Amino acid sequence: MLDQVLATGFPFGGAEQRDLQDNRIAYMPSKLGDDRVPGNVGLTARRLSTILRGAAVRAGAQIRYATTVTDLAESPDDVIVMFSDGGSRRYDVVAAFDGVSSAMRRRLFGDAYEPVFMGAGCGASKCRERNPLLISWAIKEIASRPDSSQWPMT
Ligand SMILES: Cc1cc2nc3c(=O)[nH]c(=O)nc-3n(C[C@H](O)[C@H](O)[C@H](O)COP(=O)(O)OP(=O)(O)OC[C@H]3O[C@@H](n4cnc5c(N)ncnc54)[C@H](O)[C@@H]3O)c2cc1C
């Protein structure tokens, strides 16, 4: 997958923030990566999804869309999974990767591992067309939050 990611995206070593006059106001080196693997690669989520889904299918996965798990029945040997489209299937293992609000986590552990908000995060992207009104609103909005912290100025 790395070859595909590198062919599609562009590697970079850190992130910078610029003001409306295009002056650099902050630079955050990522300090990740090595000679073989860059610390960061920029590509769209859609392209990354295409690469990941292609690799999964090549590895033998069957991808089913627009359905979810409605029930599980475990036995010592396997687990039967019931799906919202009415189907069911027997598996050796069920692994859930359903994100930060995971329904499977809540099903298995209740509210024991609920995510906790740790503070504000902020990212900046270089757009083909600038929208000064939107950008200045976003900067003011983020800066006004009591839990926002200033990035190091370089
Ligand atoms: C606006 C934004 C920008 C980001 N930008 C970056 C970035 O530039 N670089 C970076 O590295 N990270 C970025 N991230 C973080 C990154 O997207 C997440 O860390 C990553 O997607 C988490 O992956 P995940 O597989 O845990 O969950 P997710 O990507 O959230 O995947 C969970 C999947 O489970 C599905 N799902 C949920 N509930 C169910 C259910 N009950 N049944 C069936 N399916 C279900 C969802 O539809 C989803 O497809 C960004 C996040 C956001 C919100």
Side-chain angles (χ1 to χ4, degrees), residues 1-18 24-34 36-74 78-131 133-145 147-149 151-152:
M1 281 187 289
L2 179 61
D3 288 349
Q4 287 177 281
V5 167
L6 292 175
T8 308
F10 60 92
F12 60 96
E16 65 180 9
Q17 193 183 31
R18 290 179 177 265
R24 180 195 273 192
I25 55 176
Y27 180 72
M28 291 144 286
S30 67
K31 297 179 182 169
L32 296 170
D34 56 29
R36 296 163 302 136
V37 183
N40 309 274
V41 178
L43 75 170
T44 62
R46 181 184 291 263
R47 287 181 177 169
L48 178 61
S49 174
T50 301
I51 293 169
L52 294 174
R53 281 184 286 117
V57 169
R58 282 195 302 280
Q62 293 174 2
I63 302 178
R64 297 169 61 180
Y65 295 98
T67 187
T68 188
V69 174
T70 53
D71 209 357
L72 299 172
E74 286 189 78
D78 55 20
V79 53
I80 300 172
V81 178
M82 272 64 80
F83 294 101
S84 58
D85 60 8
S88 66
R89 207 155 156 184
R90 203 176 279 273
Y91 296 95
D92 295 328
V93 174
V94 172
F97 299 92
D98 50 350
V100 69
S101 301
S102 169
M104 190 61 77
R105 183 192 65 229
R106 291 203 179 108
R107 176 191 177 89
L108 296 174
F109 304 108
D111 59 4
Y113 300 106
E114 284 300 300
V116 178
F117 183 61
M118 302 297 287
C122 165
S125 306
K126 196 161 195 172
C127 305
R128 205 165 288 150
E129 287 180 28
R130 282 170 178 266
N131 182 335
L133 199 61
L134 180 64
I135 293 172
S136 60
W137 172 83
I139 290 171
K140 280 184 200 151
E141 171 72 14
I142 291 164
S144 69
R145 294 187 185 166
D147 49 3
S148 72
S149 58
W151 279 332

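Read the numbers this way: they start at 1 and go in the same order the structure lists the ligands and their atoms. Please read these numbers as outputs of a predicted model, since none were measured by experiment. Along the sequence shown, residues carry numbers from 1.
- Per-atom contact check: atom 34 (O) of ligand 1 touches the protein, criterion being a heavy-atom distance below 4.0 Å.
- Looking at Thr70, its side chain does come within 3.5 Å of a backbone N or O of Met82 through a donor-acceptor pair.
- Look at Asp78 and Arg89 and you find no salt bridge, because none of the NZ, NE, NH1 or NH2 atoms lies under 4.0 Å from a carboxylate O.
- Not a single protein heavy atom sits closer than 4.0 Å to atom 18 (C) of ligand 1.
- Closest to atom 27 (O) of ligand 1 by heavy atom, among Ala45, Gly99, Ser101, is Gly99.
- Judged by distance alone, the side chain of Arg105 and the main-chain N or O of Val100 form a donor-acceptor pair under 3.5 Å.
- For atom 3 (C) of ligand 1, the nearest protein heavy atom is 4.0 Å or more away.
- By the neighbour-count criterion of 12 heavy atoms within 6.0 Å, atom OH of Tyr91 is densely surrounded, having more than that number from other residues, nucleotides or ligands.
- Summary of contacts: the protein heavy atom closest to atom 39 (C) of ligand 1 is Asp98 CB, 3.7 Å.
- Of the possible polar contacts, none joining the Ser84 side chain to the Thr67 backbone as a donor-acceptor pair under 3.5 Å is found.
- When side chains are defined from C-beta on, Leu72 counts as touching Met104, because their heavy atoms get closer than 4.5 Å.
- Those atoms of ligand 1 that come under 4.0 Å of a heavy atom in Phe97, given as number and element, are 32 (C), 33 (C), 34 (O).
- Atom 6 (C) of ligand 1 lies below 4.0 Å from none of the non-hydrogen atoms of the protein.
- Proximity of atom 30 (O) of ligand 1 to the protein is indicated by at least one non-hydrogen atom lying closer than 4.0 angstrom.
- The 12-atom threshold is exceeded at CZ of Arg53, counting heavy atoms of other residues, nucleotides or ligands nearer than 6.0 Å.
- Ring orientation note: the planes of Phe10 and Phe12 are tilted relative to one another, at an angle of 30° to 60°.
- Taking each of Thr44, Val41, Thr68, Leu43 in turn, the one with a heavy atom nearest to atom 40 (C) of ligand 1 proves to be Thr68.
- Annotation for ligand 1: atoms under 4.0 Å from non-hydrogen atoms of Ala103 are 41 (N).
- Distance check on atom 12 (N) of ligand 1: every protein heavy atom falls at or beyond the 4.0 Å cut-off.
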